[in-house]
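Single-structure report; data block below.
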2 protein chains.
Amino acid sequence: MQSRRVTIRDVAHAAGVSRQTVTRAINDMADISRETRERVMKTVEELGYRPNRFAIELSRQRTLSVGLIIGTFRNPYYAQLADAFVNELQRRDWQLVVGTSERGEAEVIGAMAAQVDAIVGYIDQAEDEIAATFRGMPIIRLEHRATTAGIHSVELDWERGIADMVSALRAKGSRRFAMIDAAAPEPHGLAPRRRFFEDAVGEPCTVVTETQSIAGGADGIRNLLERDPRIDTVLAFNDLMAMGAVQGAHTLGIAVPDTIRIVGIDGLSLGEAVSPRLTSLSLESAAVAGEAAEILAQLFAGGPVPDGSLTRAVTPVVVWRESA
Amino acid sequence: MQSRRVTIRDVAHAAGVSRQTVTRAINDMADISRETRERVMKTVEELGYRPNRFAIELSRQRTLSVGLIIGTFRNPYYAQLADAFVNELQRRDWQLVVGTSERGEAEVIGAMAAQVDAIVGYIDQAEDEIAATFRGMPIIRLEHRATTAGIHSVELDWERGIADMVSALRAKGSRRFAMIDAAAPEPHGLAPRRRFFEDAVGEPCTVVTETQSIAGGADGIRNLLERDPRIDTVLAFNDLMAMGAVQGAHTLGIAVPDTIRIVGIDGLSLGEAVSPRLTSLSLESAAVAGEAAEILAQLFAGGPVPDGSLTRAVTPVVVWRESA
DNA sequence: GCGGGGGCCGTGACCGGTCACGGCCGGGGG
DNA sequence: CCCCCGGCCGTGACCGGTCACGGCCCCCGC
């Protein structure tokens, strides 16, 4: 392991050429003869030269890394979202640096701000505060529409997604709806799930509140059935709870989806692995990542960006599998 | 949105001082009066100045970002590993950029190499090939011991971990062991699971092979019991399959862990959420991340690094919950 | 009155690349 | 024979910060 990094000057000296010629060789540029290029490349090889990324970016002024802020990878939804972003950004040759808001969102964003060209993710802090702290830094908020100039967003159209789901369920014969809500909603204002569900169903429906876990889902369906045995369709707060619910139904000897339909929210691919395979209102992480990337591209292009907020919406759509 | 980035020179000019004074103000350095500092900071605020990270790193020569290569976030184990790395690196003020080897490991590593100061992760490529391509770049292989000079590793001591697990199980009364193996082992040579399990058990035990999913786990326990009804302990290839197995046992009316003990492999926190809570041979992702970080620190320190490979081992340890 | 030290600030070089430009040389057309 | 052009290569400036150093001024002590 060499003590000091070998620079382009070292290579140039060793190969008996100028720095510029080394650059030409490395970057496949014109104005260099075949043999010179080969000689330089051989020298590069021998010296183990790796160009300094900071120097490159400094002179090229090209932008390429975006920070993603999520809650935690231990939540499968966030993991899947991260997966979507990796794929999307990888496709565009951008780098993804991830941060977890577990130990202080502000700190993480701050540390990240020095390293990335844009930040996208689940952000709780007051928008105006963020906008003030990181003026000039492109920021995209996920799930909720941004209301502050300079902060953009890709929002989820809960209202339409849930309404579509309910009417599709009705078409399949659902009549008595119920919901297993989560006890302590995460700070990101996940309330819309329940609100729009009740709106779409029209009449007030039975709702129980349980802990966000598989066990909570199992408890949920039991409590639900206790209150109203004629329920034929259950929406769970998320896929994990929905999985618990189908498991609970199974224990209770209730056929899913024949006597009771169960649908989750998230659209986790994990839902493919259970039996019956879980039907779920997908939060479309791939689409979210795609739209975010589009906004980013627009911002990076440096073209005429309205001084307000760029917003794109994706509507959740149910992926029909077996449980409903 | 300003058309061009505002630089330190702009700030200096606007505040009527030199660049160096601006630096002093920004970085809380000495040799600057209170009032000058305040004036400069106000100018910074007004102009929306953000220092260029590339310029900073170029002149400071500090290293700070490491790339993590995993299979996919859709595999909960990788997600948990990523989580552990985010936490570990965040603690050390290093940045984490992640890459997924789904669409071409070589491409991802290549793209990453230009952006990070070290690479750690699950790597399949021939080691010597990698070493040749990225000489000088610190590389840490996960799970498997590196055999090529210049490539380091933190390996999993499957042998000891599994042996300890088996003897602990024996102490609890287990006598007839069985295993639900995975049909198509991932390329990373996951074979050790079965091999060391059979070694530890001593006598040949019943093994069935199923698909890597919850449903596969359920099938597995059914098939296992068909072959040998007296089985009292089952090891599943991973936690997902183990969850399927306990679910399947439940369906069959078999008490877990009373008549049959079930343990998974991974140590997913997801196992906390099911009922009964899953006992699992934890792959200790936090420890793995920690050891990797230690190696990284040693490498970055620039001290005397042996020309061979740095290797640390972590032994899987079972987290006892309810299923065994 | 003079030397020295500390507070405060500015200048030039440098980090490691890239870019714009200019020079040299050989060959072909007028 | 001259000129021009294209292939090939090198030089200086620059990207936007930081670092080492030096200068100025004021105050204090002898």
Side-chain angles (χ1 to χ4, degrees), chain A residues 2-41 43-44 47-65 113-117 136-137 300 302, chain B residues 2-41 43-44 47-65 113-117 136-137 300 302:
Chain A
Q2 64 275 351
S3 58
R4 217 180 50 75
R5 272 283 283 270
V6 22
T7 80
I8 201 173
R9 250 167 274 262
D10 301 327
V11 176
H13 183 76
V17 295
S18 70
R19 313 174 314 244
Q20 180 62 11
T21 299
V22 176
T23 297
R24 281 191 263 257
I26 293 177
N27 300 350
D28 272 327
M29 298 169 63
D31 291 337
I32 184 175
S33 67
R34 246 180 63 82
E35 50 218 67
T36 305
R37 182 192 308 273
E38 281 166 7
R39 180 159 43 94
V40 171
M41 291 312 274
T43 310
V44 165
L47 267 52
Y49 167 69
R50 275 192 311 126
N52 180 308
R53 64 198 166 102
F54 297 117
I56 294 181
E57 295 315 318
L58 178 56
S59 57
R60 284 209 194 144
Q61 304 274 102
R62 203 195 298 149
T63 153
L64 29 54
S65 77
Q115 289 296 309
V116 301
D117 306 289
M137 162 77 77
F300 287 164
Chain B
Q2 64 274 351
S3 56
R4 215 180 51 75
R5 273 284 283 270
V6 23
T7 79
I8 200 173
R9 249 167 275 263
D10 300 327
V11 176
H13 183 77
V17 296
S18 70
R19 314 174 314 243
Q20 180 60 13
T21 300
V22 177
T23 297
R24 282 192 261 257
I26 293 177
N27 300 350
D28 272 328
M29 297 169 64
D31 290 336
I32 183 174
S33 68
R34 245 180 64 81
E35 48 218 67
T36 305
R37 181 192 307 273
E38 281 167 7
R39 180 159 43 93
V40 170
M41 291 312 274
T43 311
V44 165
L47 267 51
Y49 167 69
R50 275 193 311 126
N52 180 308
R53 65 195 166 104
F54 297 118
I56 294 180
E57 295 314 320
L58 178 56
S59 57
R60 284 207 196 147
Q61 304 276 99
R62 203 196 298 147
T63 153
L64 27 55
S65 75
Q115 289 297 307
V116 301
D117 306 290
M137 162 79 78
F300 287 163

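To find a chain, count down the sequence lines: A is the first, B the second, and so on, and within it residues start at 1.
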Starting at [atom1] of [X] and ending at [atom2] of [N], how long is that distance when rounded to a whole Å?
| X | N | atom1 | atom2 | answer |
| --- | --- | --- | --- | --- |
| A/Asp31 | D/dG10 | CG | C1' | 12 Å |
| A/His13 | C/dG16 | NE2 | P | 16 Å |
| A/Glu35 | D/dC8 | CD | P | 9 Å |
| B/Ile56 | C/dG16 | CD1 | C1' | 16 Å |
| B/Ile8 | C/dC14 | CD1 | P | 19 Å |
| B/Arg9 | D/dG17 | CZ | P | 8 Å |

Quiz item: Considering the terminal five base pairs at each end of the helix from C/dG1-D/dC30 to C/dG30-D/dC1, what angle separates the two local helix axes, rounded to 10°?
Solution: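 Angle reported: 60°, given to the nearest ten degrees.
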Quiz item: Does B/Leu58 or B/Ser33 map to a spot on DNA chain C nearer the 5' end, using the closest nucleotide for each?
Solution: B/Ser33
Quiz item: Is B/Arg39 salt-bridged to B/Glu35, cutoff N-O under 4.0 Å?
Solution: no
Quiz item: Does any residue of residues 17-24 of chain A have a heavy atom under 4.0 Å from DNA chain D, and if so, which ones, in number order?
Solution: A/Val17, A/Ser18, A/Arg19, A/Gln20, A/Thr21, A/Arg24
Practice problem: Go through D/dG16, C/dC9, C/dG17 for me and flag the one nearest to the A/Asn52 side chain. | Solution: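 Closest of the options to the side chain of A/Asn52: C/dG17.
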Quiz prompt | Side chain of B/Ser59 (C-beta onward), nearest among D/dC8, C/dT18, D/dT18 | solution = D/dT18
Quiz item: Which part of the nucleic acid, if any, lies within reach of A/Ile32 when heavy atoms closer than 4.0 Å are counted: base, sugar-phosphate only, or nothing?
Solution: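 Sugar-phosphate only.
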Quiz item: Is there a donor-acceptor pair closer than 3.5 Å between any side-chain N or O of B/Arg37 and the backbone N or O of B/Met29?
Solution: yes
